[in-house]
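Protein chains get the first letters and strands the later ones, always in sequence-line order, with residue 1 at the start of each. All figures in this text were calculated on a predicted structure; none of them were measured in a lab.
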Amino acid sequence: MGNDPAVHWRLPSAPRGSSVRLSGRFWPTLRDAPADAEAISHKLMVRAGLVRQLASGLYSFLPFGLRSLQRVTAIIREEMDHIGAQEVQLPVMHPAEIWEATGRYGLDEQFALKDRGGREMVLGMTHEEIITWHAAREIRSYRDLPQSWYQFQTKLRDEPRPKSGILRVREFTMKDSYSLDVDEAGLDKSYDAHAAAYARIFDRCGLVWYMVESDVGMMGGMGAHEYMAPSTAGEDTIARAPSGSYSANVELAVSIAREPDFGATPAAYEAFATPGIGSIDDLSAFTGLAAARLAKSVVLVGDDGPVLAIVRGEHDVHEKKIAHLIGRHRPAQPDEIQEWFGAAPGSLGPIGVSRVRIIVDQTIITGHYVTGANRDGEHLRGVVFGRDFTGEVADIRTVLEGEGAPETGEPLILEPVIEIGNIFKLGTKYSIPLDAKYLSADGHEQPIVMGSYGIGPARVLAAAIEQSNDEAGIVWPKALAPFDVHMVLVGDAESPQAQFADTLFNELSDMGFAVLLDDRPGTKPGEKFVEAELLGCPIRVTIGKRTLPDGPLEVQVRRDRQAHDIPLEGAAQALHALWQGLR
RNA sequence: CGGGACGUAGCGCAGCCUGGUAGCGCAUCCGCUUUGGGAGCGGAGGGUCGCAGGUUCAAAUCCUGCCGUCCCGACCA
């Protein structure tokens with residue numbers, strides 16, 4: 001500290017990294033995006049010289065892209081350390097036996113290979129097994145708990161369809177952490193600590209994000225949340241209430257359905273002819289009834305045989321929700337449907353069906369419906385659940401935009417999102433099969449209660465770009481930009497402008513700014529400006545003829561592209577003040 | 001896994017249908033001019049037309065197979 005005048009100005013946020021003079025550096029930009037790039041973040045990351053593709057789902061980070069990635073990881077590391085987590089590094093390649101122990105060996109997404117001795121190995125998709133394996137050997141007593149261990153490590157997944165640049169890839173770095181606790185109360189504390197850290201991380205990264213309830217998967221689990229950054233490039237959809245009172249992945253979202261006016265319930269159902277009617281839309285038009293008053297019958301084939309799923313016509317059966325009930329399944333083929341129901345898809349219904357498991361969405365238990373008669377060209381009206389047919393009742397439908405939030409009834413918003421992180425209460429799912437136990441205070445062996453927590457740093461970058469860009473390029477949140485200040489030198493190396501730029505470069509760097517000085521000789525000013533806006537650092541400073549001898553210094557804020565004139569005297573401090581006001 | 005498209009110079013594309021010397025823009029290199037919003041003029045280099053086989057006197061072009069990449073859907077610990 002001492003008397004160094006720069007210390008007073010040292011920036012308080014994430015490590016700033018070093019400043020760079022651009023001349024001679026590797027920064028390949030492109031005027032055009034690759035033809036196969038679709039997502040905005042994909043196009044901009046390639047054009048701005050941040051990444052390059054090696055093969056499908058495999059990306060290399062170039063120097064400037066790596067700087068941004070390192071800023072994300074620095075923020076994550078700070079916040080993980082802040083909650084007392086300890087950083088480790090686990091191998092990428094694992095013996096297959098460990099994965100066999102938890103029944104996760106041989107998954108389609110798993111890269112597998114043999115070593116020279118013929119030993120089966122896998123490349124890690126994640127590291128629950130490995131953490132648990134170590135915990136089983138090192139944790140003996142409740143006195144050794146709780147623990148939280150984290151790492152930044154490469155994950156490999158043989159994705160069926162890599163897409164959208166770095167959003168869905170086959171190899172990526174993940175921050176994954178794992179909590180080890182004596183009981184569920186301990187897990188809750190670890191879980192909450194991670195949730196708090198995640199909130200700080202995503203706020204600091206400048207993202208718009210939601211924490212939503214997420215599917216715990218078919219293995220049970222004890223609760224899970226996902227962190228979602230809204231973006232049209234996202235592959236997931238969430239349902240949320242505008243007030244924030246409710247938000248969930250549509251995979252498990254529930255809602256209050258709109259109730260149609262059913263009118264009086266008939267004393268009995270009756271058949272009527274529906275020649276050529278095969279879809280809900282047709283049937284709705286034919287009968288003049290809203291789709292919500294029609295029952296949609298969907299036939300699925302699970303491991304235990306055929307299943308008839310029934311939802312209102314306006315709804316769809318949700319793949320994940322039904323999977324919780326019947327496990328792996330596929331849509332039935334038309335010939336199978338003919339065999340089981342004696343009718344084609346389009347005239348199916350629950351009445352008169354035997355030997356087929358019937359699962360009915362909750363919405364169906366009220367009202368009376370038009371259903372298929374299981375005879376081609378014929379439907380039934382006035383069909384009432386409980387009176388005319390039965391089945392298991394469950395929530396198996398998708399949520400529709402505008403339906404009511406479960407607590408408040410507010411109209412739900414459906415929004416596409418990028419999953420940037422998740423937190424998961426594992427419980428003893430891994431500790432029991434891998435025999436990770438501790439001895440409790442009263443002398444009993446107990447399984448360790450675990451949680452796992454992931455963040456994809458590269459997805460954080462892509463989400464930030466998706467959320468913040470304009471026609472000129474990236475508009476980085478200031479925490480993630482590869483540089484804080486992008487200086488454009490207009491003038492050759494011997495000019496007074498160059499000398500002034502050098503002085504300011506050093507002064508800003510000493511203050512803790514990461515500065516990029518575009519001192520490339522022979523590059524036209526216009527090209528420098530265009531490339532600066534493509535790269536998207538928060539502040540651009542132009543040093544040219546107009547700057548000297550009396551100023552002012554020309555400064556552009558990237559986000560609003562507003563020009564600011566700053567007196568030369570005290571320019572560095574003024575820039576610092578400007579920078580602090582940015583987000 | 002189902003459906004669709006594409007693969008020609010570093011990037012973006014034309015040429016293919018109707019077979020006959022491989023082109024354009026940008027980028028790169030050299031020279032001159034230029035120097036505050038992707039410069040101008042002149043010159044130059046760079047391509048086994050994804051791979052293999054077939055048809056043909058002759059294949060970027062037609063046929064077959066394979067590989068790669070992207071998009072839609074399915075799938076996604």
Side-chain angles (χ1 to χ4, degrees), chain A residues 28-39 42-43 46-49 52-59 94 99 102-111 122-130 132 155-165 167-170 172 174 176 214-221 224 226 233 235-236 249 251 300 319-320 323 328-331 333 419 422 424 426 429-430 452 454 471-473 488-493 495 497-498 518 520-535 540-548 554 556 561 563:
Chain A
T29 60
L30 293 175
R31 194 182 289 246
D32 301 308
D36 51 22
E38 195 78 11
H42 184 193
K43 291 178 181 172
V46 173
R47 283 226 292 139
R52 285 294 183 267
Q53 184 178 27
L54 173 66
S56 180
L58 299 174
Y59 279 82
H94 314 152
W99 288 76
T102 55
R104 295 211 293 174
Y105 181 59
L107 299 173
D108 288 343
E109 285 185 27
Q110 193 169 54
F111 283 106
V122 303
L123 302 179
M125 304 163 56
T126 175
H127 283 80
E128 280 85 2
E129 277 82 354
I130 310 309
T132 311
K155 312 292 177 190
L156 294 127
R157 300 179 187 184
D158 197 359
E159 288 286 347
R161 184 145 107 75
K163 61 178 289 195
S164 302
L167 279 178
R168 185 162 208 77
V169 289
R170 295 191 291 177
F172 61 99
M174 184 188 238
D176 48 322
S214 77
D215 192 355
V216 293
M218 288 177 53
M219 303 299 283
E226 288 166 326
E235 297 184 82
D236 287 296
N249 194 312
E251 290 174 3
L300 303 166
E319 157 75 23
K320 287 279 170 65
R328 284 189 318 162
H329 62 276
R330 60 171 176 84
Q333 302 294 321
E419 183 188 350
N422 59 54
F424 206 110
L426 298 173
K429 179 176 164 185
Y430 295 89
S452 76
E471 64 286 347
V488 172
L489 169 61
V490 183
D492 62 46
S495 63
Q497 299 94 283
D518 190 349
R520 290 175 296 178
T523 302
K524 303 273 294 182
E527 192 171 345
K528 292 185 177 182
F529 293 137
V530 169
E531 291 193 340
E533 280 162 10
L534 178 60
L535 185 61
R540 188 186 76 196
V541 177
T542 305
I543 311 292
K545 293 195 298 269
R546 299 175 197 163
T547 316
L548 298 176
E554 293 167 63
Q556 188 210 55
R561 294 168 93 176

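- With both ends at atom C1', the span from B/rA52 to B/rG37 equals 50 Å, rounded to whole Å.
- For the P atoms, the distance from B/rC62 to B/rG12 is 23 Å, rounded to whole Å.
- In this structure, CD in A/E129 is found 3.5 Å from OG1 in A/T102, a value given to the nearest 0.5 Å.
- For the P atom pair drawn from B/rG38 and B/rC30, the interatomic distance equals 23 Å after rounding to whole Å.
- Among the heavy atoms of the strands lying under 4.0 Å from A/K545 is at least one base atom, whether or not backbone atoms are also near.
- If you take CZ of A/R561 and P of B/rG37, they are 14 Å apart, rounded to a whole angstrom.
- Checked against B/rU35, B/rG37, B/rG38, the side chain of A/K524 finds its nearest nucleotide in B/rU35.
- Minimum atom distance to the side chain of A/D32 is reached by B/rC11, of the listed B/rA77, B/rC11, B/rA74.
- Judged by distance alone, with hydrogens and angles left aside, A/E527 brings no side-chain donor or acceptor close enough to the base of B/rG37 to form a pair under 3.5 Å.
- The base of B/rG38 does not come close enough to the side chain of A/R520 for any donor and acceptor atom to sit less than 3.5 Å apart.
- If you take NE2 of A/H42 and P of B/rC71, they are 8 Å apart, rounded to a whole angstrom.
- By the 4.0 Å N-to-carboxylate-O rule, A/R520 lies too far from A/E527 to be salt-bridged with it.
- Taking atom P on both nucleotides, B/rG20 is separated from B/rC63 by 15 Å, rounded to a whole Å.
- For a distance-only test at 3.5 Å, the side chain of A/R157 qualifies as a donor-acceptor partner of the base of B/rA77.
- Side-chain nitrogen and oxygen atoms of A/R52 include none within less than 4.0 Å of the OP1 or OP2 phosphate oxygen of B/rG10.
- Remark on RNA chain B: of its neighbouring residues A/K320 and A/G57, the 5'-side contact belongs to A/G57, judged by nearest-heavy-atom nucleotide.
- Distance from the side chain of A/L107 is smallest to B/rA77 among B/rA77, B/rG37, B/rA27.
- A/S164 comes within 4.0 angstrom of sugar-phosphate atoms only, judged by non-hydrogen atoms across all strands, and of no base.
- Side-chain proximity of A/P34 to B/rU69, B/rG38, B/rG12: nearest is B/rG12.
- By the 4.0 Å N-to-carboxylate-O rule, A/E471 lies close enough to A/R561 to be salt-bridged with it.
- A straight line from CD of A/Q53 to C1' of B/rC71 spans 14 Å, rounded to a whole angstrom.
- Atom CZ of A/R31 and atom C1' of B/rU28 are 13 Å apart (whole Å).
- Rounded to an integer number of Å, the gap from CD of A/E159 to P of B/rG73 is 15 Å.
- Remark: the separation of the P atoms in B/rU35 and B/rG10 is 34 Å, to the nearest Å.
- Put simply, A/K163 has a side-chain N or O that comes within less than 4.0 Å of OP1 or OP2 on B/rC72.
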